[in-house]
Colleague: 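Input: one structure, supplied below.
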Amino acid sequence: MGKHDKQEGGRHPDRMQPTWGARVAQLLPLINLLIAIQKIVEEWILPFV
């Protein structure tokens with residue numbers, strides 16, 4: 001039970017103060033999505049406008 005308590009204690013501070021690595025990891029999917037949308041707009045929408 002001691003190990004379990006340490007793991008729980010280690011998780012909560014990470015949630016309250018995420019590291020830069022965790023923030024970047026969370027932002028990467030959004031950045032990739034924006035890039036994909038931009039490419040789709042440039043290739044499919046702009047030629048028809």
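Source: prediction; values computed, not measured. Numbers here simply count residues along the sequence, with the first being 1.
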Colleague: Using side-chain contact (heavy atoms from CB on, under 4.5 Å) as the criterion, list what pairs up with Ile31, not counting sequence neighbours.
Modeller: Leu27, Ile35
Colleague: How is the hydrophobic cluster of Trp44 composed, in terms of its other members, when Ile, Leu, Val, Met, Phe, Trp and Tyr link through side-chain heavy atoms under 4.5 Å apart, directly or indirectly?
Modeller: Ile40
Colleague: Go through the structure and list residues passing side-chain contact (heavy atoms from CB on, under 4.5 Å) with Ile37, not counting sequence neighbours.
Modeller: Leu33, Val41
Colleague: Excluding sequence neighbours, so at least two apart, what forms side-chain contact (heavy atoms from CB on, under 4.5 Å) with Glu42?
Modeller: Gln38, Leu46
Colleague: Using a side-chain heavy atom cutoff under 4.5 Å and only I, L, V, M, F, W and Y, what cluster partners does Leu28 have?
Modeller: Val24
